[in-house]
Amino acid sequence: MSRYNAKESEPKWQAAWEAAGVFQADVDPTREKYYVLEMFPYPSGRIHIGHVRNYTMGDVVARYKFSKGFNVLHPMGWDAFGMPAENAAMASGGHPKDWTYDNIDAMRAQMRPLGLSIDWTREFATCDPEYYGQQQALFLDFLEAGLVYRKNAVVNWDPVDMTVLANEQVIDGKGWRSGAEVERRELTQWFFKISDMSEDLLTALDGLDDWPAKVRLMQENWIGKSRGLRFAFARTDGGEPIEVYTTRPDTLMGASFVGISPDHPLARAIADKNTDAANFIAQCRQGGTTEEALETGEKLGFDTGVFVQHPLDPDWHLPVWIANFILMDYGTGAIFACPAHDQRDLDFCRKYGLPVIDTFFATDDPTPAADTAFVPPKEQAVRWVNHFAGLDIATGQEAIDATIARAEADGWGTGVTQFRLRDWGLSRQRYWGCPIPVVHCDTCGVVPEKKANLPIALPYDDGNGKPIDFSIPGNPLDRHPNWCDTPCPACGAPAKRETDTMDTFVDSSWYYARFTAPRANTPTDAKAAAYWMNVDQYIGGIEHAILHLLYSRFFARAMIATGHLPDTAAEPFNALFTQGMVTHAIYQTNDAAGRAVYHYPDDVDLRDGGAFLRATGAEVTVVPSAKMSKSKKNVVDPDDIIDQYGADVARWFVLSDSPPDRDVEWTAAGADAAWRFINRIWTMAYNIARMEDQGATAADAALRQALHKTIHSVTQNIESFGFNSAIAQIHSFANVLAKS
RNA sequence: GCGGGCGUGGUGGAAUGGUAGACACAUGGCACUUAAAAUGCCUGGGCCGAAAGGCCGUGCCGGUUCGAAUCCGGCCGCCCGCACCA
């Protein structure tokens with residue numbers, strides 16, 4: 001009797017599925033549809049075992065729904081723009097386009113043998129002009145609908161690479177690649193008006209019952225709704241009043257100064273006349289300094305010499321300070337500080353000798369809190385009592401609400417709702433991204449490109465017949481001799497294309513919609529979108545809990561507003577599942593100098609309850625279950641696993657043991673166990689087939705009962721993403737079957 | 001600092017108010033074999049016991065309940081997200 005031969009049977013069946021087009025999805029209004037989608041991969045060059053786990057989960061769901069009779073859409077594509085392609089070009093001299101498409105070919109070749117139930121006819125990459133051209137069309141529609149706008153914004157600027165850096169690319173105040181001190185620079189950038197939808201994006205989270213509560217909560221915190229009081233401090237010198245926002249108006253009697261951001265208009269006006277102030281602001285602007293101050297929590301302040309009147313007592317004057325910890329893009333960029341209720345304000349007041357007033361003093365206990373530095377004068381208490389007479393000065397929300405109501409009644413303030421969510425800046429000074437389809441004309445200004453001219457495609461060479469040189473800092477589109485030359489779409493005069501490209505998060509914010517009609521010559525096809533949307537089950541990593549998922553929710557709404565999606569698609573992902581990582585033990589020894597040396601799993605022998613180097617027999621320290629990392633050498637290559645055991649074993653193992661939302665540790669023993677089980681099934685099937693040939697029939701009542709129990713539990717386990725439990729049920733049934 | 005989650009054998013884990021530890025891994029044993037590999041079977045939380053069986057046991061302390069790994073309160077530990085957000 002032979003053993004299960006994956007190399008023979010897997011390609012055979014995969015070829016048969018392919019020939020029959022069994023996974024090809026077509027609109028069929030007579031059948032109920034089911035759209036399952038895994039977050040599409042970045043074409044880094046190799047698939048890793050985490051991809052295998054992700055796509056296997058989607059495959060299980062897709063095949064389950066196939067077998068339940070649904071018309072299943074299960075597509076795959078490539079999130080193909082982004083910096084790694086430019087970095088690779090910089091490092092090895094190739095072209096980002098070639099690098100990307102070569103990687104896609106390599107990864108597709110790795111994925112096909114996994115035997116996933118994917119409709120490959122719908123495949124696309126976001127760097128295909130056919131895709132990003134439609135994205136440009138969307139951008140133009142968004143622009144027309146007022147969903148995109150330009151404004152000046154402070155960005156992280158790398159003066160060596162001459163580019164904007166994302167926050168994640170700023171490390172200790174320095175550019176991650178150039179190592180140059182990052183500057184904060186003001187540039188004109190394009191923004192999506194996501195903040196206009198804050199309220200809707202927040203309240204709609206309530207309806208996402210099939211999303212992990214954790215993700216909903218993370219989005220809720222990110223959107224960050226707060227309720228507070230907005231009011232203005234009048235200046236004693238008669239200048240422009242300073243508007244502030246506070247969530248704690250009840251602490252107003254504890255105010256000891258008014259703080260403004262270094263980017264506040266008043267701070268700038270002062271800096272124009274005062275070099276000390278200008279120097280202070282420059283110091284705050286230095287990325288490094290701010291980062292460090294942030295780390296150590298050091299508060300820096302500058303006394304402007306300006307005074308304002310307390311809104312409840314014109315005779316009470318508060319000094320205005322510029323403070324490094326106040327953010328211009330939250331609230332009004334100005335605050336009043338109440339050191340008795342805010343640690344930050346207290347630190348600041350201590351450092352600069354400003355008064356600390358204990359507002360609690362004013363209620364019923366005249367003793368100031370022990371750690372406050374300042375004993376309030378009696379008149380403070382009198383002021384409090386006078387101004388809040390008739391108010392029920394309760395603690396907490398009641399006091400806040402009462403103070404807001406009072407401010408509105410007395411006409412000096414307004415209760416407002418504030419969101420933390422800011423507009424989404426999408427401009428990038430990068431080559432390898434979707435060009436922003438606008439033209440800058442001397443006479444007409446910023447003019448949208450005509451749709452007929454789309455796609456605005458990236459140039460392949462440098463315009464002089466040579467490959468683009470990515471080793472020169474800055475955006476290659478900027479120094480291209482003629483790519484940006486174009487007639488103004490409005491007046492026809494010579495004009496310049498915008499050379500900024502779009503953030504790659506744009507590409508992934510609507511790909512799920514494009515999959516419903518990937519070859520349409522509009523961004524979506526109404527009929528296909530109406531049939532296939534929404535995604536019924538979306539599967540991916542928790543690392544996308546905020547940005548990608550929030551941006552996609554915004555894009556779906558924007559696409560509805562511009563007629564590209566049906567009204568029912570505002571929440572594009574009905575159900576979301578976030579899967580855990582595949583981890584692996586790290587095998588580590590120390591060299592003579594005590595530095596850690598890492599070893600590949602293949603070089604390590606596990607025996608006698610320990611781990612030893614095959615080459616030398618030296619004992620190895622095992623660090624269990626760590627995130628796979630090439631530098632730690634704790635990686636397994638899916639190709640090796642498939643070569644050794646076949647795809648089904650790899651697929652079976654990544655779903656065994658651990659619940660799918662938790663991390664699973666890849667072990668050789670576990671892979672062996674999966675291999676043994678697959679063989680056991682194969683042997684049993686072989687034996688059963690032989691018995692049937694000899695006239696046997698399966699009619700045992702107990703067996704039938706066990707079978708149906710198993711079918712029931714496995715069904716429930718798949719529905720609830722309990723793949724590990726489903727596998728346990730199948731193991732159990734195999735045990736029953738073996739005994740009968 | 002704010003928000004959230006988790007804690008069960010040597011290991012991954014199962015059980016969502018009703019027989020704790022399903023299923024698997026590791027370990028030990030047996031069968032088959034000249035032998036090994038492969039395969040199959042048994043064992044598999046702790047203590048007492050020859051066994052039958054008994055007692056204890058889900059981080060710690062308390063509570064609710066006929067009944068708690070599960071619900072509630074407090075503590076301890078670990079993990080994650082956000083963060084000068086006013």
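So that the names make sense, note that chain A is the first sequence line, chain B the second, and so on, each numbered from 1.
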Determine the Euclidean distance between corresponding [atom1] atoms of [M] and [N]; express it in Å to zero decimal places.
| N | M | atom1 | answer |
| --- | --- | --- | --- |
| B/U39 | B/U19 | C1' | 34 Å |
| B/A20 | B/G73 | P | 26 Å |
| B/G12 | B/A22 | P | 15 Å |
| B/U58 | B/A69 | C1' | 5 Å |
| B/G13 | B/A24 | C1' | 9 Å |
| B/A38 | B/U43 | P | 22 Å |
| B/G5 | B/U70 | P | 16 Å |
| B/G10 | B/G45 | P | 10 Å |

Could you state the atom-to-atom distance from [atom1] of [X] to [atom2] of [N] in whole Å?
| X | N | atom1 | atom2 | answer |
| --- | --- | --- | --- | --- |
| A/I542 | B/G4 | CD1 | C1' | 11 Å |
| A/W675 | B/A38 | CH2 | P | 12 Å |
| A/F677 | B/G40 | CZ | P | 11 Å |
| A/R344 | B/C2 | CZ | P | 13 Å |
| A/R422 | B/A83 | CZ | P | 9 Å |
| A/K299 | B/A86 | NZ | P | 14 Å |
| A/L202 | B/C85 | CG | P | 19 Å |
| A/R420 | B/C2 | CZ | P | 17 Å |

Q) Mind telling me whether B/G29 is syn or anti, cutoff 90° either side of 0? A) anti
Q: Evaluate the ring planes of A/F192 and A/W424, with Trp represented by its six-membered ring, and classify them as parallel (under 30°), tilted (30 to 60°) or perpendicular (over 60°).
A: tilted
(Q) Classify the ring geometry of A/Y330 against A/Y245: parallel below 30°, tilted from 30° to 60°, perpendicular beyond 60°. (A) perpendicular
Q | Under 3.5 Å donor-acceptor, A/R614 side chain and A/D602 backbone | A | yes
Q. For the rings on A/F257 and A/F348, is their centre-to-centre separation under 6.0 Å?
A. yes
Q: Scan A/L327 against the nucleic acid and name what it touches under 4.0 Å (heavy atoms): base, sugar-phosphate only, or nothing.
A: base
Q) NA contact type, A/R230, heavy-atom cut-off 4.0 Å: base, sugar-phosphate, or nothing? A) nothing
Q: Quick one, give me the B/S/- string for nucleotides 11-26 of chain B, reading 5' to 3', where B means a protein heavy atom under 4.0 Å from the base and S means that only happens at the primed atoms, P, OP1 or OP2.
A: -BSS-------BSSSS
Q) Are any of the side-chain nitrogens in A/R268 or A/E186 under 4.0 Å away from the carboxylate oxygens of its partner? A) yes
(Q) So that I can tick it off, tell me whether A/R216 and A/D206 are bridged by a salt bridge, with the cut-off set at under 4.0 angstrom between side-chain N and carboxylate O. (A) no
Considering every strand shown, what is the Watson-Crick or G-U wobble mate of [N] when both distances are under 3.5 Å?
| N | answer |
| --- | --- |
| B/A35 | none |
| B/A14 | none |
| B/C82 | B/G1 |
| B/C71 | B/G63 |

(Q) Quick check on A/H317: does its NE2 atom have over 12 non-hydrogen neighbours (other residues, nucleotides or ligands) under 6.0 Å away? (A) yes
Q.
Please find the pair of heavy atoms, one from A/P659 and one from A/N724, that lie closest to each other, and give the distance.
A. N-ND2, 3.5 Å
Q) According to a strict under-4.0 Å criterion, is A/Y245 in side-chain N/O contact with OP1 or OP2 of B/A86? A) no
Q) Starting at the 5' end of RNA chain B, which residue's closest nucleotide do you reach first, A/N221 or A/K214? A) A/N221
Q: Working to the nearest 0.5 Å, report the span between CZ of A/F723 and CD of A/Q579.
A: 10.5 Å
